[in-house]
Structure formats: structure tokens, C-alpha cells
Amino acid sequence: MAKWVYMFTEGNATMRNLLGGKGANLAEMTNLGLPVPQGFTITTEACTQYYEDGRKINDEIMAQIMEAITKMEEITGKKFGDKENPLLVSVRSGARASMPGMMDTILNLGLNEKVVEVLAAKSGNPRWAWDCYRRFIQMYSDVVMEVGKKYFEELIDKMKAEKGVTQDVDLTAEDLKVLAEQFKAEYKEKIGEEFPTDPKEQLMGAIKAVFRSWDNPRANVYRRDNDIPYSWGTAVNVQMMAFGNMGDTSGTGVAFTRDPATGEKKLMGEFLMNAQGEDVVAGVRTPQKIDQLKEVMPEVYNQFVEICHKLEDHYRDMQDMEFTIEDKKLYMLQTRNGKRTAQAALKIACDLVDEGMITEEKAVAMIDPRNLDTLLHPQFDTAELKKAVPVGKALGASPGAACGKIVFTADDAKEWAARGEKVVLVRLETSPEDIEGMKAAQGILTVRGGMTSHAAVVARGMGTCCVSGCGDIAMDEENKKFTLGGKEYHEGDALSLDGSTGNIYDGLIPTVDATIAGEFGRIMGWADKYRTMKVRTNADTPADAKKARELGAEGIGLCRTEHMFFEGDRIDAFREMICSDTVEEREAALEKILPVQQGDFEGLFEELEGNPVTIRFLDPPLHEFVPTEEEDIKKLADAQGKTVEQIKTIIDSLHEFNPMMGHRGCRLAVTYPEIAKMQTKAVIRAAINVQKAHTDWNVCPEIMIPLVGDIKEFKFVKKIVVETADAEIAAAGSDLKYEVGTMIEIPRACLTADDIAKEADFFCFGTNDLTQMTFGFSRDDAGKFLDAYYDAKIFENDPFAKLDQTGVGSLMEMAIAKGRPVNEKLHVGICGEHGGDPSSVEFCNKLGLNYVSCSPFRVPIARLAAAQAAIAEKNA
Ligand code: PEP
Ligand code: MG
């Protein structure tokens, strides 16, 4: 019989896959002898089984759960459903990878009318008993039965108004009792049944709800963004309740062993007296700083600090902990490696190395490459910032600079962003339903909540700038306006946020690019030490190449030459070239383009200082370049000495039904060899000039032929390139070396890679096209149906962003296996979008690629991911 349930005493930290992060760490803390309310974990496999069984908890799992309840009763001396000494539990989700706030929690389970009456009388604390009960009804209704939260919140607000109080804690036992009655009535009205009284029924309902929450829309979005497979499932933790809402000697809080925003080594956190966990996270009341616990309860504080040290030493990483104080007794409810900003991640990793806690390799391995993105994004221009005066200040909850137009709802944020607006989302507080809007916004500003509020935690995870807890804002969400610093702000007004200082500015403050220095530089240095795969960049202009070099690129893996023709009067010459009727006309147009291209290439070779530069020959669908405006058509006709009608006929003839599978890539060079000739001249002349100017550099252009599917295509174009290049080199009296290779982006090229490798100096996987052609769907149109594919669980990720290792990856593997043996000098890289995606980089490392190439801002991400892959491989 499979084991579906583990007591905390049966697990440990290495059992994360089975017990989830929370469950494994609760077990580990139990083993360490820390004060953990005891309980059990229902495994992630049980979650998978629940889905396999058609969203049902089968008899075997159910029996093991009830057995575990019996064991809990033995451990605690309490009884489930007992009036005199009831066992009350919390039910929480806990996946392998932490997904803060994404799934659901139910507290105080096991209560019913009879139990609560006795509890109220016996405990001498009726307020606490009724508070627990009303919370339970509220959470159960919301999480298990999906009755909206707002109905209950409205009832609370009404009660507070009637009683003339502002805080929940000011409601009396009697008020809470009345509220519990009202809640149950609300439940009955919405559900059509009485609120369940049987603890077993409550428990199974709660467990099912947690399993179900694995598949809720916000969890699905979070998983996609964080590379967490759906198949992992979530575990469920059932734990004896520790009560933070028992009065002024009880409380609850969250804390980090180091500052999750800056990485500074100091205890950081917040707590609320007389409260339960969700109050802190939900930002309902503004909590106190953890340091103040020293004054409130010195002994508990000291014990907690000692535990923090113990946990950090044990896990050798910054810990994020939840605790509850029940009548002066401390309980640990959770510990995990804390989520942190990219800046904090770098500082913590470096500090841990300096403290002798971890090795450099470990430091490299512990940083999430995707996180670096935030550091590579613009910050406020310092000079401009100096001139600006903040209109308000709150908590710098997630760093970075953001400016944009104000919106008030997550839906508006999504909508405005979809039409290209930069927006700042301003909310009273955020909740998990807002996640997509938060993602769409440049920055988030909340009126309520602390550093651990939902907005703060989620924004940090996403790398989005967030300023939280700005109590100075007088908010009118309904009418989409607020006042701050004496000014009234409306939807669409401009606002800037500094997520590091928490400053809020009127208007838009310009931003500047980030640089790699300090701890970032140190980590990147270690990454370079341990990685074996090179990292190049996709750059079409000297400016891009310069940026990429600053960020550590070791070469250009792809220069898309067609991108050089969009600007200024270049497009005119290019159009003349396309709309030529004869070779002579075309050559005349190409003559105009040649010096311009040569200049571009010289700029690239200069920036790369002798490092490899791969220049790909023209690869656009031609119709993208033809004029559409009447005025432009006339201009072209005049330049060509043709009539407007003649030009229109040529344009019509260029129309394609499937341009992505049409007249592009090497097919253009086959139809118009003079284009390949011109491009070869431009590359070779530029290389010769730059080599002459810098004799100590080794300028070696790599000419890349796109969209090859047949060796004969490659040979055809290569012949033009070689003849032209050799003639140029001979004429210049130079000894320049160059290579001719191919993109591998058509499945047939993979299948016949052994033939192609005999002729090609290198392969570079164009996984954008290779993905398109392997799946057989258009890279430009896939977005239209991908959402349906996610919903139907056919895809978990966009295969154009994250490499399909099974299908496309197999083709790559085949191409390498066929290619390398016939050409031992063959070097192989990748330049599709996947070259900057961490999990794809890891796969490329496994395949033994020589390099990955990605856009400039992803170069550091790829460097780190390549190092992590190498370290993991070495340690495997
Ligand atoms: C590719 O197809 O992966 C590629 C890099 O080329 P492009 O995106 O220009 O088609
Ligand atoms: Mg391509």
C-alpha cells in the first residue's frame, strides 16, 4: 500500500518533492527540536492521485488521513470534534517550490456551534473562541465553498460601523458571536445548505480545496512564470492550531533572517498582537516591527532570535519564517529560504561566502537567473532624480524605478498595458486575484500593508517595483482618484515610484540603464569561472553590441542584417533593390547599399575587438519592406523610372500566403545571388579594414546562411560567398580568415545534418523557426491559441520562450550527433529566443553546445544559467 501521509516526525528536509517545501521543513524543524505544533503532511503524490481519481480523495488516502488524525490526538491529548478538549487544526498548501499567496489556507478547523460554546465558557476567553469561529466560517466559505470574501467583509464593516469602532480587535465576544451567526446565514443563503458541523467533513472539504487550488488561475499563471511544472502537485499540511488571537499575550508574525529587499544582515519582520496569520499578510492592520517584540515580550523575542540563528546556520541561507505566540509561548509554523530581490540575492550570496557559510559554487547556484532581470532594467536618472521632490513616501518593498500612468484596477492595468501604455497600479491593497494586473504594471503602489504584504511579496518575486503601505494617500477607489501631498490624482495622471527608497514622485522621471558592478560583478565573475559554455549576443547595431559587451558577451552569435535596412533613406535603396526588374537595376541599387552595410559591419567589428561576429545574410519576407503608402510608392516609382502601376504590380507579385514559410532566408540568395555577393563584399571589406586598424585583434567574420534545408542550397550560396570573399581578400592583399556556416532552423536540416556539416564551418540553431516548423504553427500567430492550450493543460509554457526539449530538443540532439563526427572543427551554438532562457540554457549545456546567443540584456542571465548548468553537471 502506498504511503500518502507522513507525520512531521517521519519526514525531513530532503523529502521536499514528496512533502512539499513547507511539509519537509516542518519535519526538519521538528527534528531540530524546535517548537512546532505537531501534525502531518499529505503528499504531493496524493494531490496527483486526487486529480487522477477525477478530483476525489480515494478511500485509501482518506483512511490514512484519519489514522494520522488519531495519532495527532494521541500526541496532543485533544480530540477532533470533542466539546471539552477539541483538536483544532490548520490546513495549508505547500508545493515543492514556494508559491507565496498563490494557494489557500484554512485555520481553526474543527469548530462548530457546540464546540465553540464550551470553548468560550471553559477558556475564560469567549472573545477568542468566537473570533476563531467567525474566522473559520469566513475562510471555509471563501476557500472551500467559494462564496466571495466580500460578503463577509461587508458584514464586518457593518458591525464595526454599528459599534462605532475601526479595528476588528475592538469588537467584543458578543459582537463576534452575532457575526458568526450572520456569516452562517450568509453561507446558507449562498450555498443553500447549513454550514457543516462535522469536523471530518470540514477536513475533507478543506483538503480538497487545497488540492483544487493547485489548479486555480492565479496558481497556473504563477507556475508558468516561474517554471514550476503542473505535474508536481501540492502537498497539504494539517497542523495543530497555535492561537495568536488569544489576547494581548498572543500574536503572530513573519520574519526574515536578512533584509529581503537589500540583503543586509539583520532580523527583519513584522508582527501583530492578538491576531491570526492572515491578518499580517493581508495588510488588514499595519503591523509592528519585529524589534518591538523585544519590548513587548523580551523572553519570546530572545528565544525567537536564537531560533533564527539556528535555522540560518542549518539551512545556510536566509530564512523566511512564520511564527505564532500563544499566550507567551512561541511556535514555529514555517521556515523556508526566503524570496528576495535580485540585489538582496547577490548581497546575501556574497556575504555567505565571506562568512564561510557556503562555497562560491553554492553562491552561484543559489541565485535565480531570472531575477537578474530587475537589475538590468533602468533606474532613475540620478541628475533628474535630484531635481524631483517626492510627493509621498512609504515602504520600498521591491526595488527598481517605475513611471507610468495611474490605473486603479488590475483589469485596467492589463488593458492599458495591452495597448502599449506604461501604467502604475495604485490599490488600497492587492490580493492574489490582481496578479495579472500587477504583472502588466511598471510599478505598484498600495495604501495598506507592510514589507510582507501580498503586494510586496509578489512584486519582489516578479521583479516589479513596488511601494507599499502609503497611509498618506486618501483613496477613493470607486471614483478612481486619490489625494497625496495636497494634489488630487486621477486615472491616467503620471506618477513615478522608487521601489528602493519608497519615494513617490509626481510626473514621469527619466530612467537610465543599469551596470554590472559590486556584488553583481563578483557573482558574475564566479559564474564565468565555473561555466564551460560561451555566451554571445544577438546584436544588429554597434550600440546593442556595446551594451552586450558591457554585460559580458563574448561575441555576436547573430546579427540580423535585414534589421539594418529599416532606418532613414536606407529603406529607399532597399526598396529599389526589391522592385528591380533586371539584374542590372538590382545591382545598381545594391551598389548604394554596399557602403552603408560595410559601415555597419565595421562598427560591429570595432565593438567586438576581435571576438567572433556572426553575420547572417538577409532573411526577411520581402513584402515586409515594400511601401504601402501612396506617397512612398510614388517616390519609389520616380526613383526607378517606373510608373506607379508598374510598382504596384511588383508589390502584388511579392504577396505570399505564408510569408513565414515563403521567399526568405537562403531562398532569396538563390533567386538573387547578387544580394549575397553584395553582403559578402560588405562583410569582408569591413573585416579587412578593422583588422588593418587593429593588427593585434583576430577579426574572423562568420558568415551565416539562414533557412537551409538541403545541402545543395547551402553549397549554392556558399560558392557565391567563397568566390566573392576570396577575390576581395586577394585584391586587398590580406590574409583574413572567415567561416561560412548555417542556421539550423528547418527540421530537414537536422535530419540531414551529416551532409550539411561536411560543408559548414558551424551550426547555429535558430530555435524560433525550428520550433515553428517542428510544431507546424506560426510563430506570429501561436499567441492566439496558446491560452486555450494552457487551459487544456496541453502546454504549460510557450514553446517559443522555453525550449521544447522533447521534440525540438531531439532534433537538435540529432543534428549534433550527425554533424560533429563528420566535421571535428564544427562549432555549434543557438541564437533563437531560447538562448536567454535559463532552463533552455541548461539543456544546451547538456547537449554540449559551444555557445548560446541572446539579446544583450539577457547575457548576464545566460552567463549565470550556463554556470549553474556546469556546476550541476559536475556535481551530478
Ligand atoms: C530563429 O529562427 O531562431 C532565428 C534566430 O532567426 P529569426 O528569429 O530571425 O528567424
Ligand atoms: Mg529564423
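Basis for what follows: all heavy atoms, side chains included, without hydrogens, waters or symmetry-related copies. Each ligand, and each atom within it, is numbered from 1 in the order the structure gives.
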Aromatic plane relationship, F763 with F765 - under 30° parallel, 30 to 60° tilted, over 60° perpendicular: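 Plane angle over 60°, so perpendicular.
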Whether F777 and Y789 hold their rings parallel, tilted or perpendicular, with breakpoints at 30° and 60°: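 Rings of F777 and Y789: perpendicular, over 60°.
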Is the shortest heavy-atom distance from the side chain of R223 to the side chain of P229 under 4.5 Å?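 Sidechains of P229 and R223: no contact.
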Options M743, H834, R779, E745, ranked by nearest heavy atom to atom 10 (O) of ligand 1, top entry: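 The option holding the nearest heavy atom is R779.
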Can you list the steps and then say if D769 with I746 is a side-chain contact (heavy atoms from CB on, under 4.5 Å)? CA-CA 7 Å; D769 278 311; I746 291 202; over 6 Å; no
Using the side-chain contact (heavy atoms from CB on, under 4.5 Å) rule, take F605 and Q691 through it: C-alpha gap first, then chi angles, then the decisive distance, then the call. CA-CA 9 Å; F605 290 130; Q691 180 69 79; over 6 Å; no
Does [X] reach ligand 1, in the sense of a heavy atom lying below 4.0 Å from it?
X: Q772; value: no
X: M660; value: no
X: R616; value: yes

Would you name the N/O/S atom of D769 that lies closest to the Mg ion (ligand 2)?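 The closest N, O or S atom of D769 to the Mg ion (ligand 2) is OD2.
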Of all the N, O or S atoms in E745, which has the shortest distance to the Mg ion (ligand 2)?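 Nearest to the Mg ion (ligand 2) within E745's N, O and S set: OE1.
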In terms of side-chain geometry, is the basic nitrogen of K635 or E631 positioned less than 4.0 Å from the acidic oxygen of its partner?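 Result for this pair is no, no salt bridge flagged.
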Could you walk me through whether I816 and L849 pass the side-chain contact (heavy atoms from CB on, under 4.5 Å) test, one step at a time? CA-CA 9 Å; I816 295 169; L849 259 55; 3.4 Å; yes
For A527 versus R863, what's the shortest heavy-atom pair and its separation?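 Reported closest heavy-atom pair: CB-O, 4.1 Å.
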So if I count the atoms of ligand 1 from 1 in the order they appear, which ones are less than 4.0 Å from some heavy atom of [X]?
X: D769; answer: 1 (C), 2 (O), 3 (O), 10 (O)
X: L558; answer: 5 (C)
X: C831; answer: 5 (C)
X: R664; answer: 10 (O)
X: G766; answer: 1 (C), 2 (O), 3 (O)

Shortest protein contact, atom 9 (O) of ligand 1 (heavy atom only):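 In this structure, atom 9 (O) of ligand 1 has R560 NE, 2.7 Å as its nearest protein heavy atom.
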Run the side chain to side chain donor-acceptor pair (under 3.5 Å) test on T561 and Q679 for me, step by step, so that the C-alpha distance in whole Å, both residues' side-chain angles and the decisive distance to 0.1 Å come before the verdict. CA-CA 9 Å; T561 51; Q679 290 205 292; 3.1 Å; yes
Ring centres under 6.0 angstrom apart (F762, Y851):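 When the ring centroids of F762 and Y851 are compared, they turn out to be at least 6.0 Å apart.
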Location of contacts on [X] toward ligand 1, heavy atoms closer than 4.0 Å:
X: L770; result: neither
X: N768; result: both
X: M704; result: neither

